[in-house]
Amino acid sequence: MSYLTLTVSVVFAKFPGIAAKICSKIDGVVNKAVKAVNQLAEKLKTKVTQVMNFLPPRWIRRWLRYRTSIPS
């Protein structure tokens, strides 16, 4: 249960029907947002894979060496 749905449940404790409707709408919006983010992440993953497959392996090795040599 998210903080928002918990808050709605507490605020509308005397009206469980209204609380349930609001919570279901919140859950629907959150699920829709999660689905959209996951789709975008998959597209990004596909594009990065295409770029990595396009680059010569020598460039990738150099980039990995460079990246690991940078102090965090």
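Atom CH2 in W63 sits 6.0 Å away from atom CE in M52 (nearest 0.5 Å). To the nearest 0.5 angstrom, K21 atom NZ is 9.0 Å from K25 atom NZ.
In the hydrophobic clustering of this structure, V48 groups with L64; members are Ile, Leu, Val, Met, Phe, Trp, Tyr whose side-chain heavy atoms approach within less than 4.5 Å, directly or through other members. A single hydrophobic cluster is not seen to contain both L40 and V34; linkage of ILVMFWY side chains at heavy-atom distances under 4.5 Å, directly or through other members, places them apart. No chain of hydrophobic side-chain contacts below 4.5 Å, direct or via other Ile, Leu, Val, Met, Phe, Trp or Tyr residues, connects V11 to L6. Hydrophobic cluster membership differs between L4 and V29, with clusters built from Ile, Leu, Val, Met, Phe, Trp and Tyr side chains linked at under 4.5 angstrom. Neither W59 nor Y66 shares a network with the other; the hydrophobic side chains, linked directly or stepwise wherever heavy atoms of I, L, V, M, F, W or Y lie under 4.5 Å apart, form separate groups for each.
The two residues S9 and A19 make their nearest non-hydrogen contact at CA-CB, 4.4 Å.
With no hydrogens or angles considered, no side-chain donor-acceptor pair links T49 and T46 at under 3.5 Å.
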